[in-house]
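The next block holds one structure in the form of structure tokens; read it before the comments.
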Amino acid sequence: MPELPEVEVTRRSFADRIAGARIVSATLGKPLRWPLGCAPAELVGRTVLGVRRRGKYLLLDLDEGLLLLHLGMSGSLTFAAPGTLAGVHDHFDLLTNQGLLRLHDPRRFGAVVHAAGETDPVARKLLDHLGLEPLGDTFQVDAFHAGLKQRRAAIKQVLLAGDVVVGVGNIYASEALFLAGIRPTTRADRISLPRARGLHAAIRDVLGRAVEKGGSTLRDFFNAQGESGYFQLEAAVYGRAGLPCRRCETPVRLLKQGQRSTFFCPVCQRP
DNA sequence: ACATCTACCTGGTGGC
DNA sequence: TGCCACCAGGTAGATG
């Protein structure tokens, strides 16, 4: 479910509601990607100061330490009525005096990790290598272009890797490259400054619009208040193999890069 | 240092 | 209807 827009929409949908909340209890379901890293009882009595986002990680700042949440491929956060029984795919319940925050994640690629602080090795391991924030002020064309210059891999895979710019997942990578007119197989270090400028703008545009629309994916998405962003953003190429390009009518092509599907228009997107 | 592959897990879909 | 192969939005860690 989540690429950066979905994670950001999730953050906005529950940050205000959880801010200032005192943790009453924390309950784990089946194992997630990594262990919590502390006994759930140690969280009791902590106060949630606020929620930040770094890449696709949600950072719940506590009065002591922090929780790093990742939604993986199928995770979602909702407020459940206190007392509601956890379902088979509910794997983390954070009961507070301001509501019950519940992580639902069928595939369990998601994670909830406790760290003593941002310099805690467990947090650094997850956050240190992350690239520029695409919607933030640090995402400047020159820095982006310089990052691409260091990489010989295909631009699509460099975008997905998240160490040059974070948050561009499989769907938005195809979409941004279409908007920028760049073939996904183009070597990252062969992209000129003007084309990098176009890609920079395309990434901000496609991610920014998705956030404004409330997070949109080709399946379904609900924010923590249970509101859907279903199908509010039309895909230009993603999932459209064989269908006419919306710009030039040429059939959209599908290729595999690193076992992941990439969609592109062979006419509108040049190497 | 970099690029590529593997693994983690469940559910939905389409073919037979 | 059942069975099965294949697909799915992420990413750290192992391997080349």
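Protein chains get the first letters and strands the later ones, always in sequence-line order, with residue 1 at the start of each.
A side-chain donor-acceptor contact under 3.5 Å links A/His104 and A/Asp90. In the model, A/Ser174 has no side-chain atom that pairs as donor or acceptor with a side-chain atom of A/Lys156 under 3.5 Å.
Stem regions for DNA chain C, each three or more consecutive Watson-Crick or G-U pairs with both distances under 3.5 Å and listed by first number, read B:2-8 with C:10-16, B:10-16 with C:2-8.
A/Arg108 has no side-chain polar atom (N or O) that falls below the 4.0 Å cut-off from OP1 or OP2 of B/dC8. OP1 or OP2 of C/dG9 lies within a sub-4.0 Å distance of a side-chain N or O belonging to A/Tyr238. A/Lys56 has a side-chain polar atom (N or O) that falls below the 4.0 Å cut-off from OP1 or OP2 of C/dT11. Between A/Ser261 and C/dC7 there is no side-chain N or O to OP1 or OP2 distance below 4.0 Å. Between A/Tyr172 and C/dG10, a side-chain N or O to OP1/OP2 separation shorter than 4.0 Å is absent. Regarding contacts with the backbone of B/dG11, a side-chain N or O of A/His89 is found under 4.0 angstrom from either OP1 or OP2. Phosphate proximity of C/dA12 to A/His129: present, with a side-chain N or O under 4.0 Å from OP1 or OP2.
Here B/dC9 is the nucleotide among C/dG10, B/dC9, B/dG11 with the atom lying nearest to any side-chain atom of A/Arg107. Distance from the side chain of A/Met73 is smallest for C/dG9 among the nucleotides C/dA12, C/dG9, B/dG11. Listed candidates were C/dC7, C/dG9, C/dG13. Nearest to the side chain of A/Lys256 is C/dC7.
Applying the side chain to side chain donor-acceptor pair (under 3.5 Å) criterion to A/Glu8, with sequence neighbours excluded, gives A/Arg11, A/Arg12, A/Arg53.
Distance A/Phe109 CZ to B/dA7 C1': 8 Å, rounded to the nearest Å. Distance, A/His104 NE2 to B/dT10 C1': 10 Å, rounded to whole Å. Whole-Å rounding puts the A/Lys125 NZ to C/dA14 P distance at 10 Å. A/Asp105 places its CG atom 18 Å from the P atom of C/dA8, with the value rounded to the nearest Å. Across the protein-nucleic acid pair, A/His70 atom NE2 and C/dA12 atom P stand 7 Å apart, rounded to whole Å. To the nearest angstrom, C1' of C/dA12 lies 13 Å from CG of A/Leu127. A/Leu32 places its CG atom 15 Å from the P atom of C/dT11, with the value rounded to the nearest Å. Taking atom CG of A/Asp128 as the reference point, atom P of C/dG13 lies 12 Å away to the nearest angstrom.
Residue whose closest nucleotide on DNA chain C sits further toward the 5' end, between A/Leu130 and A/Leu254: A/Leu254.
Ion pairing between a basic and an acidic side chain is recognised when a charged N comes within 4.0 Å of a carboxylate O; A/Asp205 and A/Arg209 show such pairing. Using a 4.0 Å cut-off between charged nitrogen and carboxylate oxygen, A/Arg46 and A/Glu64 count as a salt-bridge pair. Taking 4.0 Å as the cut-off between side-chain N and carboxylate O, A/Arg102 and A/Asp93 count as a salt-bridged pair. Ionic pairing of A/Glu133 and A/Arg54 is present here: one or more N-O contacts between side-chain nitrogen and carboxylate oxygen are shorter than 4.0 angstrom.
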Under 3.5 Å, N/O pairs linking protein and nucleotides 2-6 of chain B:
residue, atom, partner, partner atom, Å
B/dA3, OP1, A/Arg152, N, 2.6
B/dA3, OP1, A/Ala153, N, 3.0
B/dA3, OP2, A/Arg151, NE, 2.6
B/dA3, OP2, A/Arg151, NH2, 3.1

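Using a 4.0 Å heavy-atom criterion, one finds that A/Arg33 contacts the bases of the nucleic acid, with or without backbone contacts as well.
Within the 4.5 Å cutoff, side-chain heavy atoms of A/Ile191 are placed close to those of A/Ile155.
When the P atom is used for both C/dC6 and B/dT6, the distance is 15 Å, rounded to whole Å. For the P atoms, the distance from C/dC7 to B/dC5 is 16 Å, rounded to whole Å.
Classified by interplanar angle (parallel below 30°, tilted 30° to 60°, perpendicular above 60°), the ring pair A/Phe144/A/His200 is tilted.
Using a 4.5 Å cut-off between side-chain heavy atoms of Ile, Leu, Val, Met, Phe, Trp and Tyr, with links allowed through other members, A/Val112 and A/Val122 fall into different hydrophobic clusters.
To the nearest 0.5 Å, atoms CD1 (A/Ile23) and OG1 (A/Thr96) are separated by 8.0 Å.
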